[in-house]
Amino acid sequence: MKKRVLSLGLVLALLTAALAGCAGKQNASWKVTCPWAPSGVAAMVSQQAATKSTSYSDTITLVAEAIKGDAATVNTWVADTKANDTQLVFVGEGLLSITSILDPDKLQFGYEDFVFVENLYSSIFVLSADAKLNISSIADLEEYVKQGDEISVAVNGAVGSEAFLAASLFGAMGAGSQLKLTPYQSAAEAAQAVARGETQFAVSHQSQILETYQQGGVTVVCAFDEKAIENGPFAGVEGVGSKGYPYFRNRCFIMARAGTDEKKVAELKELYGKILADKEVADWLHDTMLLEVDTMSVADVEAHIDNVKSIVNQYKDIVAG
């Protein structure tokens with residue numbers, strides 16, 4: 001009888017330990033704030049990642065929050081968030097490389113206030129032209145620039161990534177004084193402006209110019225990348241880098257608050273890596289959004305920020321006047 005009591009006690013002890021182990025593996029919801037364009041590319045990709053998060057982790061659930069914000073939103077995030085809070089935020093070259101140079105007073109934070117988790121995606125912007133101009137290559141564009149006429153380009157915002165890509169390309173061609181940047185409220189609006197004849201050119205995400213391109217309203221002249229686009233409807237479109245012109249990709253960095261536990265950051269990075277490697281997600285990114293999976297290291301991020309800063313410093317007079 002005594003042995004039986006001991007056995008029951010042992011069972012109870014084992015059950016208690018097991019329950020304690022389960023309790024220690026609690027699920028944490030990490031809110032991921034996208035502080036710009038609630039219906040934009042980044043917000044859509046973040047929502048897709050959040051939906052997939054429960055398939056790859058039983059301890060982390062990603063919750064996507066997209067709001068119409070700007071630098072002030074990230075200022076507030078930094079002020080309100082402490083190390084190890086279950087909060088993530090998107091930061092890109094727009095804030096770290098453009099605003100930090102053109103309007104540093106807007107930023108109450110620096111790169112040192114964040115710890116990098118992962119790059120959500122990589123977007124190769126393209127330059128489109130009114131089809132009536134019959135420009136379909138960099139060589140055609142160079143010949144057009146030589147005419148010396150005013151060059152109007154639709155861009156998303158007055159001092160955004162698209163504006164600097166346009167300024168760097170035409171500026172490097174010696175046409176900075178001819179360039180007129182026409183800002184729109186969104187990248188999608190800018191992409192449509194060229195088809196409506198409001199501008200001669202536009203810089204946009206590939207997905208935002210695709211429908212107009214398929215309807216024959218525009219040609220796609222070049223891509224802002226090192227080499228030609230390899231996949232998708234714009235495969236074969238030349239990369240400006242192959243001709244020696246400056247470029248950068250649009251990237252979206254997922255950041256935690258500086259000081260967050262390294263193991264937790266590594267766990268988050270691993271989760272995002274699994275999500276981005278998911279075939280359904282990768283196919284959706286490539287085929288629907290015309291984006292690329294482009295996981296990065298801290299060194300990659302810092303090189304990207306420095307490259308964009310270099311371009312901003314060189315061409316800021318064209319963009320900002």
Tell me, do Val41 and Ser123 make a side-chain contact under 4.5 Å, heavy atoms counted?
no

Look at the side chain of Thr219 and the backbone N and O of Ile135, then say whether any donor-acceptor pair between them is shorter than 3.5 Å.
yes

pair Glu150-Gln178: side-chain heavy atoms closer than 4.5 Å:
no

Heavy-atom check, side chain of Tyr184 versus side chain of Glu198, under 4.5 Å:
yes

Donor-acceptor contact below 3.5 Å, side chain Glu238 vs main chain Ala228
no

Whether the side chain of Asp300 engages the backbone of Ser297 through a donor-acceptor N/O pair (distance < 3.5 Å, no angle test) should be reported.
yes

Would the distance check show the side chain of Asp140 and the main-chain N or O of Ser136 forming a donor-acceptor pair, the cut-off being under 3.5 Å?
yes

Apply side-chain hydrogen bond (donor to acceptor under 3.5 Å, both in side chains) to the pair Glu267 and Ser57, showing each step before the final yes or no.
CA-CA 9 Å; Glu267 186 179 354; Ser57 177; 4.6 Å; no

ILVMFWY cluster, Leu181 and Ile209 together (side-chain gap under 4.5 Å):
no

Work out which heavy atom in Phe90 is nearest to a heavy atom in Ala42; give both atom names and the distance.
CE1-O, 3.8 Å

Gap separating the CG atom of Asn231 from the NE2 atom of His286, nearest 0.5 angstrom:
7.0 Å

How long is the gap from CD1 on Ile311 to CG on Asp306, to the nearest 0.5 Å?
11.5 Å

Can you confirm if the aromatic rings of Tyr245 and Phe224 lie within a centre distance of less than 6.0 Å?
no

Can you confirm whether Asn134 is buried at CG, in the sense that more than 12 heavy atoms of other residues, nucleotides or ligands lie under 6.0 Å from that atom?
no

Cluster overlap Val293 with Met44, hydrophobic side-chain contacts below 4.5 Å
yes

side-chain contact (heavy atoms from CB on, under 4.5 Å) for Tyr272 and Leu120? Distances and angles first, verdict last.
CA-CA 8 Å; Tyr272 271 105; Leu120 189 62; 4.0 Å; yes

Rounded distance [0.5 Å steps], CD in Gln208 versus CG in Leu290
10.0 Å

Please check if the side chain of Arg257 supplies one atom and the backbone of Val78 the other of a donor-acceptor pair under 3.5 Å.
yes

How many angstroms lie between CG in Leu96 and CZ in Arg251, if you round to the nearest 0.5 Å?
13.5 Å

Verify same cluster id: Phe116, Val45 (apolar side-chain graph, 4.5 Å)
no

More than 12 heavy atoms of other residues, nucleotides or ligands under 6.0 Å from CD of Gln185: is that the case?
no

Whether Ser152 side chain and Gln200 backbone form a donor-acceptor pair below 3.5 Å:
yes

Have Tyr111 and Glu302 got a donor and an acceptor in their side chains that come within less than 3.5 Å?
yes

Is the shortest heavy-atom distance from the side chain of Glu143 to the side chain of Lys146 under 4.5 Å?
yes

Check the hydrophobic clustering (I, L, V, M, F, W, Y; side-chain heavy atoms under 4.5 Å; chains of links allowed) and say if Ile254 and Val89 are grouped together.
no

If we count only N and O atoms by modelled type, under 3.5 Å, do the side chains of Thr61 and Asn27 hold a donor and an acceptor together?
yes

Met255 CE to Phe114 CZ distance, which is reported to the nearest 0.5 Å:
6.5 Å

If you count the non-hydrogen atoms of other residues, nucleotides and ligands that lie under 6.0 Å from CD in Glu211, is the total more than 12?
no

Taking distance alone, no hydrogens or angles, what donor-acceptor pairs closer than 3.5 Å link side-chain atoms of residues 125-133 to residues at least two apart or in another chain?
{"residue": "Ser128", "atom": "OG", "partner": "Ala202", "partner atom": "O", "Å": "3.4"}
{"residue": "Asp130", "atom": "OD1", "partner": "Lys132", "partner atom": "N", "Å": "3.0"}
{"residue": "Asp130", "atom": "OD1", "partner": "Lys132", "partner atom": "NZ", "Å": "3.3"}
{"residue": "Asp130", "atom": "OD2", "partner": "Lys132", "partner atom": "NZ", "Å": "3.2"}

Short side-chain to backbone donor-acceptor contact, Ser53 and Leu62, under 3.5 Å
yes

Looking at Ile101 and Pro104, what are the two nearest heavy atoms and their distance?
O-CD, 3.6 Å

If you apply the rule side-chain contact (heavy atoms from CB on, under 4.5 Å), what do you find for Val153 with Val155, and how did you get there?
CA-CA 6 Å; Val153 184; Val155 293; 4.1 Å; yes

Smallest separation among heavy atoms of His205 and Asn250, with atom names:
CE1-OD1, 3.3 Å

Answer whether the closest heavy-atom distance between the side chains of Gln87 and Lys82 falls below 4.5 Å.
no

Taking C-beta and beyond as the side chain, do Tyr121 and Gln48 meet within less than 4.5 Å on heavy atoms?
no

Side-chain donor-acceptor contact under 3.5 Å, Arg249 with Ser122
yes

Examine distances only and state if a side-chain atom of Asp113 and a backbone atom of Gly110 form a donor-acceptor pair shorter than 3.5 Å.
yes

Return the CG to CD1 distance between Asp225 and Ile124, rounded to the nearest 0.5 Å.
4.0 Å

Worked verdict on Lys243 versus Glu142 for salt bridge (charged side-chain N to carboxylate O under 4.0 Å, His left out)
CA-CA 11 Å; Lys243 305 296 183 181; Glu142 290 169 335; over 6 Å; no

Side-chain donor/acceptor of Asn156 to backbone N/O of Ala188, under 3.5 Å
no

Looking only at non-hydrogen atoms, find the nearest pair between Ile275 and Val281 and report the distance.
O-CB, 3.4 Å

Indicate the atoms forming the closest heavy-atom contact of Asn84 with Gly259, along with that distance.
ND2-O, 4.1 Å

If we only count heavy atoms from C-beta on, is the Lys264 to Trp30 side-chain gap below 4.5 Å?
yes

Contact summary for Ala71 and Leu95, nearest pair of heavy atoms
CB-CD2, 3.8 Å

If hydrophobic clusters are built from ILVMFWY residues whose side chains come within less than 4.5 Å, do Leu88 and Phe109 share one?
no

Scan the side chains in residues 158-171 for donor-acceptor partners under 3.5 Å anywhere in the protein, sequence neighbours excluded, and list what turns up.
{"residue": "Ser161", "atom": "OG", "partner": "Glu93", "partner atom": "OE2", "Å": "3.2"}
{"residue": "Ser168", "atom": "OG", "partner": "Phe164", "partner atom": "O", "Å": "3.1"}
{"residue": "Ser168", "atom": "OG", "partner": "Leu165", "partner atom": "O", "Å": "2.9"}

Heavy-atom count check: over 12 atoms from other residues, nucleotides or ligands less than 6.0 Å from Gln215 CD?
yes

Is the closest side-chain donor-acceptor distance between Ser46 and Glu65 under 3.5 Å?
no

Could you check whether any side-chain heavy atom of Phe253 comes within less than 4.5 Å of a side-chain heavy atom of His304, counting everything from C-beta outward?
yes

Side chain Asp103, main chain Thr99, donor-acceptor under 3.5 Å
no

Full working for side-chain contact (heavy atoms from CB on, under 4.5 Å) between Lys316 and Leu102:
CA-CA 8 Å; Lys316 62 185 178 183; Leu102 295 188; 3.8 Å; yes

Output, in order, the C-alpha distance, side-chain angles, deciding distance and verdict of side-chain contact (heavy atoms from CB on, under 4.5 Å) for Gln192 and Ser204.
CA-CA 10 Å; Gln192 295 304 311; Ser204 69; over 6 Å; no

Side chains of Tyr247 and Asn307: is there a donor and an acceptor less than 3.5 Å apart?
no

